[in-house]
There are 2 protein chains.
Amino acid sequence: MKQVRKPLADSPAVHDQVYDSIRQALITGRIAPGKGVSLRTLAAELGVSPMPVRDAVRRLVAERALAINPANKRLSVPSLTADRLEQLSLARLWVEPELAARAATRVDAGLIRQLQAIDAEVDEALRLGDVDRYMTANHAFHFALYERAGADVLLSMAGGLWLQIGPFMRVVFGRVGADGLVADRHAEAIEALKVKDADGARRAIAADLSEGMDKMRAAVGTDA
Amino acid sequence: MKQVRKPLADSPAVHDQVYDSIRQALITGRIAPGKGVSLRTLAAELGVSPMPVRDAVRRLVAERALAINPANKRLSVPSLTADRLEQLSLARLWVEPELAARAATRVDAGLIRQLQAIDAEVDEALRLGDVDRYMTANHAFHFALYERAGADVLLSMAGGLWLQIGPFMRVVFGRVGADGLVADRHAEAIEALKVKDADGARRAIAADLSEGMDKMRAAVGTDA
DNA sequence: CGGCGCGAACTGTGATCACAATCGTCCGGA
DNA sequence: TCCGGACGATTGTGATCACAGTTCGCGCCG
């Protein structure tokens, strides 16, 4: 299986595609916390050489979405601890409402429609109890909003935090089942955005996060 | 120059050493913002193959300490913009005082002594107008304190932010000269730590950052 | 039949090579 | 003198190999 040719001209770099694949798997929690992964295995699954996987993994380790055992240098998904959850919650509760507030001053009708469409998708997934789809749609909702803030530094911080907390959300919701997926504050946020109410958007997102984190905290406290 | 042997058993990985080298160069501002860098050049300077440099660079790019031109994919140190500075300031003003406050509840006499020693180094560098040494010592002071907070998620956030703002500090201080390096709030912070005054430590660090950032803001506003 | 040791397979790391794309420079023509 | 095109040098990316450490399983011995 020797492949020397690389006819891809300006197509997206392979390691970026690999990064997105793993990232998505982590955000939606398809890879369980504590689970070990390996470069060659991932490479084989994705049908590429270990090289771009190595690049992607380095990036994910830097973002703390993957951990590396200092003893044997093996890769794994970080385990959730109550302490880590607390820090991540605190950080998210600072950055994300800030992004929402900034975005509120720049919304337009198109974004409102887009958010409403995504939120419908969220509700649909919620109704069906489709955890995977819920995860993806919920992520899409938040970041469609945050991107509008035009604050790339803060946005990347939020992305990194979400990446770290993704696997745990899956564990929690997977454990409590679809019942754990109750109403969110998305509609409330959209209402605030419609009138460009920055403070209202900030509060709505803060409440949304806060409630989600409370559920996770409770679930983690029980056994993790 | 063929080297196949790798007799190093458990010595620190090469790519980590390379990472530290580049990181230090960035924090102390030895690499100017906007300046381009290349894998092979860095590798040659550090006397290693391009491979570990590639790993280190990936990590730094993930931490936004290095930027990658999406068009030609070439590497460079990110340029400072007023907008970026504002976001970084905001984020630092949230995380770092928080870390200081947490650390305050866990200080002991040893840490106090250590901080006093580092602060003396800072003052010495300040007196001599040695920007490089000042940078290093100032960084050491803050992180010796922050590490004590025992909050690794927040600590890594602070590390990432410092890494992003490092090159700019150098430019600013290099421009205004040693005169720009006036008194800091380190002594004030140490006093608060002595009595485990978390809120005092928070305020002292916040003031320290705030004043430093104001200088940078002013310097950036003039020309950048 | 139970435990233990040795070897095979798998792990991350680093080096080297191949390749396409880009940058920079120099030279020729108008 | 100035502009443009071509060619060489340099860049990042990906593949493959080499190597050392670890892990795991199978077979042999007690």
Side-chain angles (χ1 to χ4, degrees), chain A residues 1-23 31-32 34-78, chain B residues 1-23 31-32 34-78:
Chain A
M1 214 243 272
K2 190 132 177 167
Q3 181 181 350
V4 182
R5 293 265 130 238
K6 188 185 58 174
L8 314 173
D10 52 349
S11 67
V14 177
H15 66 86
D16 278 326
Q17 299 178 3
V18 172
Y19 172 80
D20 286 336
S21 296
I22 305 179
R23 177 191 175 94
I31 309 182
K35 187 86 173 288
V37 294
S38 93
L39 297 182
R40 288 174 176 82
T41 303
L42 283 173
E45 287 174 359
L46 297 170
V48 297
S49 95
M51 203 62 235
V53 177
R54 181 173 165 175
D55 285 342
V57 162
R58 280 255 179 270
R59 192 170 155 190
L60 289 162
V61 169
E63 291 170 313
R64 303 188 137 248
L66 286 179
I68 174 170
N69 184 331
N72 57 11
K73 303 181 172 184
R74 265 166 167 85
L75 293 167
S76 62
V77 183
Chain B
M1 212 238 277
K2 190 131 177 168
Q3 180 180 353
V4 180
R5 294 263 133 241
K6 187 184 59 173
L8 313 174
D10 51 351
S11 66
V14 178
H15 66 84
D16 279 325
Q17 300 178 2
V18 172
Y19 172 81
D20 287 335
S21 296
I22 306 180
R23 176 190 174 93
I31 308 181
K35 189 85 173 287
V37 294
S38 93
L39 297 182
R40 288 175 176 82
T41 303
L42 283 174
E45 288 174 358
L46 297 170
V48 297
S49 93
M51 202 62 237
V53 177
R54 182 173 165 175
D55 286 342
V57 161
R58 279 254 180 273
R59 193 168 156 193
L60 290 162
V61 169
E63 291 171 305
R64 305 190 133 246
L66 286 179
I68 175 171
N69 184 332
N72 56 12
K73 304 179 171 184
R74 265 167 168 89
L75 294 167
S76 61
V77 182

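Letters go in sequence order (proteins before strands), and every chain restarts at 1.
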| said: Please compare B/Pro52 and B/Arg40 by the position of their nearest nucleotide in DNA chain C and report the one closer to 5'. | reply: B/Pro52
| If you measure from OH on A/Tyr19 to CD on A/Glu63, what distance do you get to the nearest 0.5 Å? | 3.0 Å
| said: Within the 4.0 Å heavy-atom criterion, would you say B/Val18 contacts the bases, only the backbone, or no part of the nucleic acid? | reply: nothing
| Over how many whole Å does the gap from A/Met51 atom CE to C/dC19 atom P extend? | 18 Å
| Distance, rounded to the nearest Å, where B/Tyr19 contributes OH and C/dG14 contributes P | 16 Å
| Over all atoms of both residues, closest heavy-atom pair of A/Pro50 and A/Arg40 | CG-CG, 4.2 Å
| Any donor-acceptor pair under 3.5 Å joining the side chain of A/Arg54 to the base of C/dG14? | yes
| Going by an N to O cut-off under 4.0 Å, is there a salt bridge joining A/Asp16 and A/Arg59? | yes
| field | OP1 or OP2 of D/dT23 under 4.0 Å from side-chain N/O of A/Arg74 | value | no
| Could you state the interatomic distance from OG1 (A/Thr41) to CG (A/Leu46), rounded to the nearest 0.5 Å? | 10.5 Å
| task | Using the closest heavy atom to pick a nucleotide of DNA chain D for each, name whichever of A/Pro50 or B/Leu39 lands nearer the 5' end. | result | B/Leu39
| query | B/Ser49 has a side chain; which of D/dT22, C/dG14, D/dG14 sits nearest to it? | reply | C/dG14
| field | Between P of C/dG12 and CD1 of A/Ile68, the distance in whole Å | value | 8 Å
| field | C/dC23 OP1/OP2 closer than 4.0 Å to side-chain N/O of B/Asn72 | value | yes
| said: C/dC10, OP1 or OP2 - any side-chain N/O from A/Thr41 closer than 4.0 Å? | reply: no
| query | Out of D/dT16, C/dG12, C/dA18, which has the shortest distance to the side chain of A/Lys73? | reply | C/dG12
| task | Taking all non-hydrogen atoms of both residues into account, name the closest pair between A/His15 and A/Pro52 and its distance. | result | CB-O, 3.5 Å
| request: Could you tell me the separation between the CG atom of B/Asp16 and the P atom of C/dT13, rounded to a whole number of Å? | output: 8 Å
| task | Quickly work out the A/Asn69 CG to D/dG21 P distance and round it to whole Å. | result | 16 Å
| remark: Testing C/dG12, C/dG14, C/dT13 for proximity to the side chain of A/Arg58, the answer is C/dT13
